[in-house]
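Working notes, structure below.
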Amino acid sequence: MAVVSTATPAAGSRDLPHPVRDDIRLEGVLHAFSDPMRLSIVRELAADGDELSCSHFDLPVTKSTTTHHFRVLREAGVIRQVYRGTAKMNGLRRDDLDDLFPGLLDALLAAAASQSLRLGGD
């Protein structure tokens with residue numbers, strides 16, 4: 001489980017805590033990728049290349065479970081979440097991940113795409 005090292009937001013603040021780049025750990029990133037729903041979120045963010053709102057994702061799980069998946073990804077340092085008005089936007093932290101673990105993100109995304117084709121998924 002990744003430790004979030006940024007300061008706790010002030011009461012009433014809509015800023016969400018994220019790990020700083022140097023605190024992102026490989027085991028946390030791999031754990032975040034280990035769940036099919038989280039992997040699906042990351043694949044969609046990577047394919048889009050931009051920020052997407054939480055409501056954009058049509059996951060076959062409850063809202064609380066969806067929230068949990070986004071929190072795991074954020075706390076692992078895989079995504080950055082920010083509020084834009086009333087929407088919570090999600091963006092892949094590609095630059096941070098590529099700098100810390102060169103080639104890892106592309107390899108995981110390629111492996112997920114290959115598996116999806118092999119198993120007849122999306």
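The figures here come from the full heavy-atom set of this structure, side chains too, leaving out hydrogens, waters and symmetry mates.
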Path from [X] to [Y] over hydrophobic side-chain contacts below 4.5 Å:
{"X": "V72", "Y": "L30", "value": "no"}
{"X": "M89", "Y": "L45", "value": "no"}
{"X": "I79", "Y": "L26", "value": "yes"}
{"X": "L92", "Y": "V82", "value": "no"}

Pairwise distance [atom1]([X]) to [atom2]([Y]) - rounded to 0.5 angstrom:
{"X": "L105", "Y": "D96", "atom1": "CG", "atom2": "CG", "result": "11.5 Å"}
{"X": "T65", "Y": "F70", "atom1": "OG1", "atom2": "CZ", "result": "12.5 Å"}
{"X": "H68", "Y": "S64", "atom1": "NE2", "atom2": "OG", "result": "9.5 Å"}
{"X": "Q81", "Y": "C54", "atom1": "CD", "atom2": "SG", "result": "5.0 Å"}

Would a distance-only check, ignoring hydrogens and angles, find a side-chain to backbone donor-acceptor pair under 3.5 Å from [X] to [Y]?
{"X": "S116", "Y": "A113", "answer": "no"}
{"X": "R25", "Y": "G77", "answer": "no"}
{"X": "N90", "Y": "L52", "answer": "yes"}
{"X": "S114", "Y": "A110", "answer": "no"}
{"X": "R94", "Y": "A46", "answer": "no"}

Could you tell me if the side chain of [Y] sits less than 4.5 Å from the side chain of [X], heavy atoms only?
{"X": "H56", "Y": "E51", "value": "no"}
{"X": "K88", "Y": "L16", "value": "yes"}
{"X": "I41", "Y": "L59", "value": "yes"}
{"X": "T66", "Y": "F57", "value": "no"}
{"X": "P19", "Y": "R93", "value": "yes"}

Legend entry - Candidate list L108, L73, L97, test side-chain contact (heavy atoms from CB on, under 4.5 Å), partner V42, passing option: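 Result: among L108, L73, L97, L73 is the only option passing the side-chain contact (heavy atoms from CB on, under 4.5 Å) with V42.
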
Inset, instruction - Write down the atom of A76, the atom of I24, and the distance for their closest heavy-atom approach. - result: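 That would be O-CG2, 3.4 Å.
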
